[in-house]
Amino acid sequence: MIQPNPSTAQARAIADEFHRHGVVYAVISPGSRSAALAIAFDEHPDIETVVVLDERSAGFHALGRCRVGSTPVVAVCTSGTALANYLPAVVEADLSLLPLIVLSADRPPDLLQIGANQTIDQVGVFGERARWFCNVAPADASRDWNSYWRGSVSQAAARSLGHGSRPGPVHLNVAFREPTVPVTDDGRTVGEPYPHSIAGRSSNGPWQEHDRARPTAGSMRDLDGKGLIVVGEGDFDTDALERQAARLHWPVLATAMSGLRGGDAVTTYHHLLIDGVPRSLRPDFVVSVGRVGPSDRIGALTSLDVPQLQIDRWGAWNDPRRQTTRFLQADPVESLASLDGGTEVGLRSAWIDADRTMRLALGDCLGEDAIPTGPGVASVLSSIDFDRLVAASSMPIRDVDAHTVHRGRVVANRGASGIDGFVSTAFGAASLGGRTLALSGDLSLLHDASGFVTDASGSVVFVVIDNGGGGLFDLLPQAEHAPGFERLFVTPHGLDLAALATAYGVDSSIASTVDGLAGRISGLLDVSGTHLFVVPVDRETDLKKRRALDDAARSVRAGLS
Ligand SMILES: Cc1ncc(C[n+]2csc(CCOP(=O)(O)OP(=O)(O)O)c2C)c(N)n1
């Protein structure tokens, strides 16, 4: 067998070791210094690779896959500003505890700081946001580097999954000498063959294993009377949590990203809590699990002057109003399971009844419309069979939270709530197969249009609420006060999104009425391929509908004590 050159040997060992740690998906952006890594990952028989041109998009594509899969995802890029383009995705992965593994190629140290082309200081560029950084030395034929490469990968994988702290992004910066392609002479440099073994453990297992500590129950002291759980996105078994809540007879308020919708969970809290907590729905204490949002109105509950307990496996501090009275770093399910079963059933049934009444009232209010609005489209999605719905920041995730009741998974980048990386997050989430829907505003789509430059094979039906800019700003104080409101905030662009789709080779269609919308979207999900479905929305009409929904909510509340 012909021995590989040192860079090829190094890249092969790295790719193989990552696979032994569960990596099955790698997002590659083109470049020369990273050639050995790109080729090694692509040649690995059990790692699927996808190519995304723009590294900012590539980072989010990897993130989308992290959100739906259970194993770390690798993103490979070349040297220079390529790496810096991962920062937004690294920030989101840090806040959302996602195992994103950034693998950047670099020049060897003796070729740095001399003004060489496409060279920046890549050491620790993500600072504290990365759970772990390692500068991997360039390979040569002089010694056996195998345990160094494989051990570094073992530690990277373990750190990304929370070993030693909590899950999150890691960064391996790997220096490569030429040739970076698998030849001994690339026409510029002649490389010595690497003479040592690069074999992994004969067991086919990882070089070094790490054990995830089993989460334990926290102390649930001082909780008397009627409890209520608010559940957001987090690290827990959703079905088991639901069972515990039912056993305790506590109402569950389930945000869109909690994964708990579709059963007895209350989903209309945004409207039920419009003017604070109705007396008949007041709990004696509140237990928050996971990151709760995006509705601000839930703050009426999580800042009530009653004991407020927050349970998170990784010790999150999700407390924007500083009203949590006790934080518990523990497993939420185990903690609830440690309590005796409840006998007080009244609060749970009161919330479930109020939720049903509110849902009917909201449905009546939305049912009047033929012209699409953001809330109207979100409520239509409830009747569509999808596996996952990727919702963009701004109004889409808020409308999904208030109006989409569905057992399917909702994915959204709410760690930093950016409107960036949306198209790519959707493609990453679709890479597992299944029926993927993506709902966004027009600006979010435009922000990551470069995400369409990919050979990703997953199918996504993009539904774009095209209200000609950022409709969210109509609901914010600057709508009243700022001169230049439209240009400075709404950002009207006048672009034809269907033409944009055509430019990227994506099929598109337009829906100007709500009639038959669910059927059309379902039909698109039935066939494979990516489609952009543009729904023109008039901002004025949309705003009026939101006010009408609030009026309907107040009428329901008036009937509650
Ligand atoms: C990367 C980033 N830049 C800017 C913002 C601020 N921002 C929040 S919402 C928004 C407008 C989004 O418009 P669109 O996607 O069309 O959705 P709509 O507001 O109409 O629902 C902007 C610019 C942000 N959240 N993230």
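Numbers here are sequence positions counted from 1. In each ligand, atom 1 is the first atom listed, and ligand 1 is the first ligand listed. Computed over heavy atoms, backbone and side chain alike; hydrogens, waters and symmetry mates excluded.
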Ligand 1 versus Ala392, non-hydrogen atoms closer than 4.0 Å: side chain, backbone, both, neither?
-> neither

Proximity of Asp442 to ligand 1 by residue part, where a heavy atom lies under 4.0 Å |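 The answer is both.
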
For atom 6 (C) of ligand 1, is the nearest protein heavy atom closer than 4.0 Å?
-> no

Does Arg435 come within less than 4.0 Å of Asp526, counting only side-chain N to carboxylate O?
-> yes

Do the charged groups of Asp550 and Arg554 touch, with an N to O distance under 4.0 Å?
-> no

Atoms of ligand 1, numbered as shown, that sit under 4.0 Å from any heavy atom of [X]:
| X | result |
| --- | --- |
| Gly418 | 25 (N), 26 (N) |
| Met395 | 21 (O) |
| Gly470 | 11 (C), 13 (O), 19 (O), 20 (O) |
| Pro396 | 21 (O) |

Indicate whether any N or O donor in one side chain lies under 3.5 Å from an N or O acceptor in the other, for [X] and [Y].
| X | Y | result |
| --- | --- | --- |
| Arg359 | Thr268 | no |
| Asp448 | Ser424 | yes |
| Arg261 | Thr404 | no |
| His270 | Ser295 | yes |
| His61 | Thr425 | no |
| Ser160 | Arg131 | no |

Considering only non-hydrogen protein atoms, determine which one is nearest to [atom] and report residue, atom name and distance to 0.1 Å.
| atom | value |
| --- | --- |
| atom 25 (N) of ligand 1 | Ser417 O, 3.2 Å |
| atom 20 (O) of ligand 1 | Gly471 N, 2.8 Å |
| atom 15 (O) of ligand 1 | Ser444 OG, 2.7 Å |
| atom 9 (S) of ligand 1 | Ser394 OG, 3.3 Å |
| atom 26 (N) of ligand 1 | Ile419 N, 3.0 Å |
| atom 22 (C) of ligand 1 | Phe473 CZ, 3.7 Å |

With only distance considered, is His447 within less than 3.5 Å of ligand 1 through an N or O on each side?
->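 No, since none of the N or O atoms of His447 sits under 3.5 Å from an N or O of ligand 1.
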
Is there at least one pair of N or O atoms, one from Asn467 and one from ligand 1, spaced under 3.5 Å apart?
-> yes

Stepwise salt bridge (charged side-chain N to carboxylate O under 4.0 Å, His left out) check, Glu368 with Lys545 | CA-CA 10 Å; Glu368 299 160 357; Lys545 182 56 33 178; 3.5 Å; yes

Close approach, Gly469 and ligand 1, non-hydrogen under 4.0 angstrom =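 Yes.
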
Do Tyr25 and Phe41 have their ring centres less than 6.0 Å from each other?
->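 Tyr25 vs Phe41: aromatic centres not under 6.0 Å.
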
Report yes if the distance between the aromatic ring centroids of Phe427 and Phe422 is under 6.0 Å, otherwise no.
->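 They do not qualify: ring centres at least 6.0 Å apart.
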
Option of least heavy-atom distance to atom 14 (P) of ligand 1 (set: Asp474, Leu443, Asp399) |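 Shortest heavy-atom distance from atom 14 (P) of ligand 1: Leu443.
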
